[in-house]
Number of protein chains: 2
Amino acid sequence: MPRAGLDENFVLQAAAELADTLGADGVTLAVLAKRLNIRPPSLYNHIQGLPDLRRKLAVYGVDLLYREMKQALESGVSKPEKLQALVEAYLSFAERHPGLYELTQRSLGPEVRSAGEPIVQLMLEQLKQMGIYGRSAIHAVRGLRSILHGFVSLSKEEGFGLPYAWKESLDYTLRAFLKGLKTMAEGNK
Amino acid sequence: MPRAGLDENFVLQAAAELADTLGADGVTLAVLAKRLNIRPPSLYNHIQGLPDLRRKLAVYGVDLLYREMKQALESGVSKPEKLQALVEAYLSFAERHPGLYELTQRSLGPEVRSAGEPIVQLMLEQLKQMGIYGRSAIHAVRGLRSILHGFVSLSKEEGFGLPYAWKESLDYTLRAFLKGLKTMAEGNK
DNA sequence: CAATATAACTAATGGCATTAGTTTTGTAAA
DNA sequence: TTTACAAAACTAATGCCATTAGTTATATTG
């Protein structure tokens, strides 16, 4: 192993920092190479080009998000609090890693989806604890993910305006959604 | 007026078709020029460069979406049906104009947000008809938009799998959300 | 200490957006 | 009808980017 000190994971980490600093489109092989003090062609020893880098970054991001969400489950005692903790972790990740988050959403093949499976499982477990399972739970998780991603996207788009109020709207929306879920679940009994 | 037959609107329309055919990133000045049978620099007589084109395309798309949603209100008699018609129009637009839709979501300044204001108004009106207004309605519209955009994004990302089932999940989610909204609204009385 | 694999390098190509400067052409005034 | 002007096309050139091919340097392994 010659020229140690630079492997794929290190490259990915540097690229991730670039993404969060300059935005998802700011990640170019040129600036990444400059950042690593090598010439652009040298990058091809670690990644297979820009599309490959983007794909790997997306997987890297989804996996990081999963680990942070899992970590967040440590806090929170009751069931609803645990779900709330998952929500907070998701929002926190999107805020601290805007570029990485954006890359995870630029639909890029099946490996990114696979990497997101564990996150779905995490949510399913919490919903089960709250009495929502089976077919309803599938719908509910999709709804939950949509609400979370939707709010992140929209609040980013609107940018200024009333920054903090977005959190309030999200809480309101989640409360309404969960309340409706419970009502529907009870109706099925 | 020299060399008539090519104005900004025509350019935008051609670019929109390209976006929906080749994807949002497929819109380059090179292919747009080829499509219009002119050289790339000639485009600068109608637009001020690629970022400007993207911004204008986004506004173009949001406005088109608004007009289609407004049109959709013609159908549907009862209040919930009208809201449902808005939802259908939104989904239909996203499906028929994937590239244009994507461009409307790539947050690009205040003019795009302004163009989206009428859509918010459309939703607010329907919610009012359903007994949801005031501060709650603001939250509700944000929730509604998040759910819609979230589902469009996620179903696009997942791609294969169970295509049609997404619609079912969305309906389920909307039903739960609206039910929760009503419950909360009644609770405030 | 020698051999090898790995990772860096230089050089070159083609595509892209963009700018500067020039030519063409349709319309409107003389 | 002719002339003048302004708008929109053009050519030429620049610089940045990703990518490929071929070469050189170096760290580890035997």
Side-chain angles (χ1 to χ4, degrees), chain A residues 1-60 99-100 102-103 106-109 111-112, chain B residues 1-60 99-100 102-103 106-109 111-112:
Chain A
M1 280 180 215
R3 300 286 186 100
L6 204 59
D7 62 347
E8 180 181 295
N9 221 309
F10 191 83
V11 170
L12 245 50
Q13 210 168 317
E17 286 175 20
L18 279 183
D20 290 332
T21 307
L22 309 173
D25 288 325
V27 181
T28 68
L29 297 189
V31 320
L32 179 56
K34 187 162 290 184
R35 159 70 176 262
L36 294 169
N37 288 314
I38 58 177
R39 306 304 141 197
S42 306
L43 284 171
Y44 285 77
N45 288 310
H46 307 286
I47 53 166
Q48 277 84 45
L50 189 55
D52 179 57
L53 173 63
R54 293 211 173 108
R55 218 177 315 117
K56 280 171 175 155
L57 264 183
V59 173
Y60 176 90
L100 210 48
E102 191 183 341
L103 282 166
R106 294 243 261 256
S107 56
L108 297 160
E111 49 256 284
V112 180
Chain B
M1 280 178 220
R3 301 286 186 97
L6 204 59
D7 61 348
E8 180 181 296
N9 221 309
F10 191 83
V11 169
L12 244 51
Q13 209 168 317
E17 285 174 21
L18 279 183
D20 289 332
T21 307
L22 308 173
D25 288 324
V27 181
T28 68
L29 296 189
V31 320
L32 179 55
K34 187 162 289 182
R35 158 72 175 262
L36 294 169
N37 288 313
I38 58 177
R39 307 303 142 197
S42 307
L43 285 170
Y44 284 77
N45 286 311
H46 307 287
I47 53 165
Q48 277 85 47
L50 189 56
D52 179 57
L53 174 63
R54 292 209 172 111
R55 218 176 314 119
K56 281 171 174 154
L57 265 183
V59 173
Y60 177 91
L100 211 47
E102 191 182 341
L103 282 166
R106 294 241 262 255
S107 58
L108 295 161
E111 50 256 283
V112 180

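Note that this is a predicted model, so its numbers are computed, not measured.
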[X] [atom1] - [N] [atom2] separation (whole Å):
| X | N | atom1 | atom2 | value |
| --- | --- | --- | --- | --- |
| I38(B) | dA17(C) | CD1 | P | 13 Å |
| E8(B) | dA8(D) | CD | P | 11 Å |
| L6(A) | dA7(C) | CG | C1' | 9 Å |
| L29(B) | dC16(D) | CG | P | 18 Å |
| L50(B) | dG15(C) | CG | P | 18 Å |
| R54(A) | dC17(D) | CZ | P | 13 Å |
| D25(B) | dA18(D) | CG | P | 14 Å |

Distance in Å, L18(B) CG paired with T28(B) OG1, rounded so as to fall on 0.5 Å steps
8.0 Å
With side chain to side chain contact (heavy atoms under 4.5 Å, CB included) as the test, would you mind laying out the steps for Y44(A) and L29(A) before giving the verdict?
CA-CA 10 Å; Y44(A) 285 77; L29(A) 297 189; 3.5 Å; yes
Given dA9(D), is OP1 or OP2 found less than 4.0 Å from the side-chain N or O atoms of R39(B)?
no
Looking at side-chain heavy atoms only, is the closest gap between [X] and [Y] below 4.5 Å?
| X | Y | result |
| --- | --- | --- |
| R106(A) | R55(A) | no |
| L36(A) | F10(A) | yes |
| V31(A) | R35(A) | no |

So which of residues 42-49 of chain A are in contact with DNA chain C, with a heavy-atom cut-off of under 4.0 Å?
S42(A), N45(A), H46(A)
I'd like to know if the side chain of T21(B) and the backbone of E17(B) have a donor-acceptor N/O pair within less than 3.5 Å.
yes
Which one, dA18(D), dT11(D), dC16(C), comes nearest to the side chain of P41(B)?
dT11(D)
